[in-house]
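We count ligands from 1, going down the list as the structure has it; atoms in each ligand are counted the same way. The model shown is predicted, which means the values in this text are computed figures rather than measured ones.
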Amino acid sequence: MAMAIFLNGMERREIRDLTLAMIASGETMNFAGLSKKTTDKHSTGGVGDKITLPLAPLVASFGVAVPQLSGRGLGHTGGTLDKLESIPGWQANISGERMRAILEEVGAVICAAGSGLAPADGKLYALRDITGTVESIPLIASSIMSKKIAEGTSALVLDVKFGSGAFLKDIAQSRELAKTMVALGEDAGVATSALLTNMNVPLGLAIGNANEVRESVEVLAGGGPSDVVALTVALAREMLRHAGQPDADVEAALADGRAMDSWNRMIRAQGGDPTAALPVARETHVVTASRGGVLVEQQALPFGIAAWRLGAGRARKQDSVQHAAGIDLHAKPGDIVSAGQPLFTLSAEEPERFARALEALEGAYRVGNAGDEIVTGGPLIAERIGA
Ligand code: URA
């Protein structure tokens, strides 16, 4: 069946029926009794994509509930739970009752999805994995949306990525996936829209786990890299629009500490200490510019693979991640650099990891001359899809 769908595609009604059947294979959550509106976000994953961390508390600071069931990373894309687990004491596993209580009191919860939501998806995904049928748009759309619809949110914003570091590299395919998921959400009664966003260059300056938490806290403190801020603000506006607050002043909540208060409460509610020091790696290796000029290229995929090889990601589901491992970028495409200036720092627990990470980075960045084309693959936010 998976191969037939892979080869022939599916009609809208067929995708809906498959998705509803996968939802019906397990339990569903229902937040209808909550005193707040619910809205969630899903990203198809990328390199340095930590947006959920500042986004969930930011949206919650407007009195909207964000029930975010997240996963762990596999391969070169990181997982939100892995990032948050670098905070001392923070727990990903909480009961449905506790989740509801935190949504009511704090507004934002980011926790592990139990195996009870859409279990048929897990089985079908395992089959797709060994039959070469993962990359089928109807199957990807139904897989993602079965879990999100079962989660019981009344609105959903999708961050569908394209580019070298994305799950689907080609923007036309990402657009089709986004349109399919938006239609599926609408058919299931969930107000859904999508942003198509660029994943040719790593997002922000931090790729890893603990360092991505640090960067997220900078955004919540009103600073942080401009691309991370821009995407957080755009997705927050979309989510708040669905929650009936189209004019919410999102930037003000980042600047005046409301989003940070919400983050501190969210982390504490799950046992974490937001003031505790985050782990720091035992070993670092700094890569410097061999000549002066302009940084014209920084490819997301090799940087994602390098961070993974440093220990920030896992190859198999059962592996653990090293929270302090990763990459901190010191320059972004378009920045002027001088000879000898640090371009990025690799961090790992074991120095043996550096050679393989550096191998992945060969040809992945380039210092050129003023006036050379800056290779970014277009704007950060390319399109918006949905009502
Ligand atoms: N993520 C999912 O959850 N399912 C897919 O099929 C692909 C990405």
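For ligand 1, the polar-atom distance check against D121 finds no nitrogen or oxygen pair separated by under 3.5 Å.
Closest approach of L168 and L177 over heavy atoms only: CD1-CD2, 3.8 Å.
Of the protein's non-hydrogen atoms, S143 OG, 3.4 Å is the one closest to atom 2 (C) of ligand 1. Nearest non-hydrogen protein atom to atom 3 (O) of ligand 1 is K147 NZ, 2.5 Å. Scanning the protein heavy atoms around atom 1 (N) of ligand 1, the nearest turns out to be I144 CG1, 3.8 Å.
In this structure, the side chain of R98 engages the main chain of A269 through a donor-acceptor pair within 3.5 Å.
Listed by number with element, the atoms of ligand 1 under 4.0 angstrom from any heavy atom of F167 are 7 (C).
Residue H330 forms a side-chain contact (heavy atoms from CB on, under 4.5 Å) with just one option from L343, L295, T345, and that option is T345.
Within 6.0 Å of atom NZ in K36, more than 12 heavy atoms from other residues, nucleotides or ligands are found, so the atom counts as buried in its surroundings.
One distance of note links CG of N209 with CG of N211; it measures 7.5 Å at 0.5 Å rounding.
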